[in-house]
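Computed over heavy atoms, backbone and side chain alike; hydrogens, waters and symmetry mates excluded. Positions are given from 1, in the same order as the sequence printed here. First listed ligand is number 1; within each ligand, the first listed atom is number 1.
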Amino acid sequence: MSEIKNKIQQLENISRQLEPSTKERKKTREKIVDYTEDFIENIYNINAFNLSDNTGEGLLEVPVSEEPVEIDRLITLFKDNVDFPNLNPASGGHLGYIPGGGLYNSALGDYLADITNRYAGLFYAGPGAVRMENILIRWMAKIVGFPKETVGNLASGGSIANLIAIVTARDAFKIKAEQIPNSVIYLSKEVHHCIDKAIRIAGLNECKLNFVGLDENYRINPKALKNEIEKDKKEGKIPWLIIASAGTTDFGVIDPLNEIAEIAKLNNMWFHIDGAYGAFFVLSETGRPRLKGMEKADSLVMDPHKGLFLPYGLGVVIVKDKNKLNAAHYYKANYLQDAVALEEEPSPADLSPELTKHFRGLRLWLPLMLHGVKPFRAGLEEKLLLTRYFYEELKKIEGFEMGPEPELSVASFRYIPKTGDANKFNQLLIKEIHKDGRVFLSSTNVDNKFIIRIAVLAFRTHLQTIDLTIQILKEKVSLLLKNWI
Ligand SMILES: *Cc1c(COP(=O)(O)O)cnc(C)c1O
């Protein structure tokens, strides 16, 4: 054999290790499946939060090296260092931030997507994969009342989805460097911080950011919005973008979408709604009427890894005007000359910053198909009612001061001790809850008040979880009051 062939053969012998045999696949797969089965079987009994000094340092003991490591060792490493410390987002007791859970069938969708590895960036390469993603986008458009022609993108999360929308609005209004200082974006100080981030990344930080006045429930006050637009116009500024939230992160309240849509239309502005948290409540009977006006936006973000309980990694943007989304994201490349012609289905690569991407459609399509929509609707309605129940029950207990009435599935509260500093007390209270760990709540700070909030959106959260939460709150308050001045 020639020398080169010899060398190639040697390399092949080693590189073929990347294709495990049937037996090896079975062994590794069964270990992983055993672990995940054990995880799911115990999920209702393990903590939502393990306050821990372990920050995963154990991983450093097994560095990346030239040699393989046994699967048993890796699973132990994962269990101790990754799957133990701090927040357990798969738990129904995760009632902090905005939870979701992580549907099993979605994991199987990812498994299928990863093994077959179909190309979901271009219709030419993976027509079925792209069509599947577009079918899902059109389904989401339909449930929120967007027209048939709506396009969109399955992005990795709400932050990127919002960025795509803001960049699209920017280019649709031709906001170039020159116009930036004179252009105005209207938003609420209750927007998710990813909006501020997206504005900055999009190079729009030097626009005038007009934080509009809010009503007593922390929603945009449409009168204030109207006045600000008129004022800015009189000063020669150009109002071009309004950003509203369909479900704010702090309080889960919905900005008055209908009235804002009206104002945007009258002033020829782009209307973007961040519905990362709340948009999917449109599937529920109680949520739908509250989200009226959502259908009037130019662009909307909704996060299946929140509202459809998927594992992390899917946030969606939908845009009514295909040309606008395309104009902000088109590309040209000689090496892609085969992927030509006006295609039956738009390609993600033409409508987003990505080219090669994870085939995210399957992680949504598979659970939607296997379960049907019905249990998703029921789950969302259940979460709304659970939040209402929590709110009513806690209100009955002396000492708790409740925040705004929950519009969706976030409620906020604090405990006011008869004496002493309430902020201090609630800081201690949240610490006790975290130390306990059976449920996880998060806190926020509004108008210098330290506030505890509960967000009910994990699919594993049920009545039992809420009763337990109330019981834990009662326990921890009595405990703290024992040593309170
Ligand atoms: C979670 C959230 C985001 C950010 O989405 P990610 O998926 O975490 O990137 C944006 N807006 C709202 C209202 C959210 O709740």
For residues F359 and Y119, establish whether the separation of their ring centroids is below 6.0 Å.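 F359 vs Y119: aromatic centres not under 6.0 Å.
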Would you list the pairs meeting salt bridge (Lys or Arg N to Asp or Glu O under 4.0 Å) in which at least one residue belongs to residues 298-317, sequence neighbours left out?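 Passing the test, one end in residues 298-317: D303-K306.
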Under a 4.0 Å heavy-atom cut-off, what residues line ligand 1?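 The answer is I98, G157, G158, S159, N162, H192, C194, G247, T249, D274, A276, Y277, D303, H305, K306, counting any residue whose heavy atom sits under 4.0 Å from ligand 1.
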With no hydrogens and no angle check, just 3.5 Å: does a side-chain donor-acceptor pair link [X] and [Y]?
X	Y	answer
S245	D274	no
H272	N162	yes
S409	Y277	yes

Please work out which of the three classes, parallel, tilted or perpendicular, describes the rings of F49 and F440, given edges at 30° and 60°.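 Because their plane-to-plane angle is under 30°, the rings of F440 and F49 count as parallel.
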